[in-house]
Amino acid sequence: MSKEPTIKVIYNSACPVCDAGISSQKKKSASCNVNWQDVHLDHELAKNIGADVEFVRKRLHAIDENGNLKVGFEAFILIWENSPSDKWKAKISKVPILRQVLGIIYNAFAWCLYTWNRALKHW
């Protein structure tokens with residue numbers, strides 16, 4: 001009997017960088033119970049988490065096993081916690097000052113990536 005997915009990850013496949021990252025993560029997490037959901041293919045996913053599509057395109061979103069929404073770098077930590085080969089990344093990323101710094105770096109990178117995708121009309 002298969003186990004129900006423990007987390008949901010909402011990503012945007014229209015961004016080539018995001019799609020490549022998620023594809024790689026899917027391969028590493030093939031044995032994990034993750035429900036991968038693509039907002040580019042289903043805009044209703046954004047409404048399901050109380051957001052608009054553009055907000056979801058700007059940052060990675062994930063919902064933990066308790067229904068808590070994680071956005072941006074916090075979503076990555078959740079994915080890594082649920083991937084046997086990446087648990088070490090989650091542990092390191094949770095170190096207090098490092099967590100804040102990595103969150104700032106993620107936000108800057110996400111903004112640049114979103115701006116680049118909009119300029120190239122990926123959606």
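As the structure is a computational prediction, the values presented were derived from the model and not from experiment.
A donor-acceptor pair under 3.5 Å links the side-chain atoms of Thr6 to the main chain of Asn33, judged by distance alone. In this structure, the side chain of Ser24 does not engage the main chain of Ala20 through any donor-acceptor pair within 3.5 Å. Ser83 places no side-chain N or O within donor-acceptor distance of the main-chain N or O of Ile79, the cut-off being under 3.5 Å. Side-chain atoms of Asn117 come within 3.5 Å of backbone N or O of Leu113 as a donor-acceptor pair.
For the pair Ile49/Val56, a side-chain contact is recorded, criterion being any heavy-atom separation below 4.5 Å from C-beta on. Considering only heavy atoms from C-beta on, Arg99 comes within 4.5 Å of Ile77 through its side chain. The closest side-chain heavy-atom distance from Phe76 to Lys70 is not below 4.5 Å. Side-chain contact check for His122 versus Pro16: some heavy-atom pair is nearer than 4.5 Å. At a threshold of 4.5 Å between non-hydrogen side-chain atoms, the residues Gln37 and Val9 do not count as touching.
Taking a 6.0 Å sphere around NZ of Lys91, one finds it holds 12 or fewer heavy atoms contributed by other residues, nucleotides or ligands. Shown here is Lys28, whose NZ atom has more than 12 heavy atoms of other residues, nucleotides or ligands within 6.0 Å. Heavy atoms of other residues, nucleotides or ligands lying less than 6.0 angstrom from CD1 of Ile97 number 12 at most. Enclosure of atom CH2 in Trp111 is not indicated, since only 12 or fewer non-hydrogen atoms of other residues, nucleotides or ligands lie within 6.0 angstrom.
The distance from the CZ atom of Arg57 to the CH2 atom of Trp123 is 6.0 Å, given to the nearest 0.5 Å. Interatomic distance, CD of Glu74 versus OH of Tyr106, reported as 11.0 Å (0.5 Å rounding). For the atom pair Cys15 SG and Tyr114 OH, the distance stands at 11.5 Å (nearest 0.5 Å).
Heavy atoms only, all atoms of each residue included: Asn12 and Cys18 are closest at O-CB, 3.6 Å.
Checked for salt-bridge contact, Glu54 and Arg118 meet the test: a charged N lies under 4.0 Å from a carboxylate O. The pair Lys94-Glu81 counts as a salt bridge, with a side-chain nitrogen and a carboxylate oxygen less than 4.0 angstrom apart.
Between His61 and Tyr11, the ring center distance fails the sub-6.0 Å criterion.
Under the 4.5 Å side-chain heavy-atom criterion for grouping Ile, Leu, Val, Met, Phe, Trp and Tyr, Ile7 is not connected to Leu69 through any hydrophobic cluster. Using a 4.5 Å cut-off between side-chain heavy atoms of Ile, Leu, Val, Met, Phe, Trp and Tyr, with links allowed through other members, Ile22 and Val17 fall into different hydrophobic clusters. At a threshold of 4.5 Å between side-chain heavy atoms, the hydrophobic network of Ile, Leu, Val, Met, Phe, Trp and Tyr places Ile92 and Leu78 in one connected group. Cluster annotation: Val34 and Phe73 are assigned to the same hydrophobic cluster (Ile/Leu/Val/Met/Phe/Trp/Tyr, side-chain heavy-atom contacts under 4.5 Å, transitive). Trp80 and Trp36 fall within the same hydrophobic cluster, where Ile, Leu, Val, Met, Phe, Trp and Tyr residues are linked whenever their side-chain heavy atoms come under 4.5 Å apart, directly or through other members.
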- Please step through side-chain hydrogen bond (donor to acceptor under 3.5 Å, both in side chains) for the pair Asp86 and Gln25, ending with a clear verdict. CA-CA 9 Å; Asp86 290 327; Gln25 192 62 48; 2.9 Å; yes
- Message: Using side-chain hydrogen bond (donor to acceptor under 3.5 Å, both in side chains), reason through Ser13 and Asp38 one step at a time and then give a plain yes or no.
- Response: CA-CA 6 Å; Ser13 68; Asp38 184 355; 2.4 Å; yes
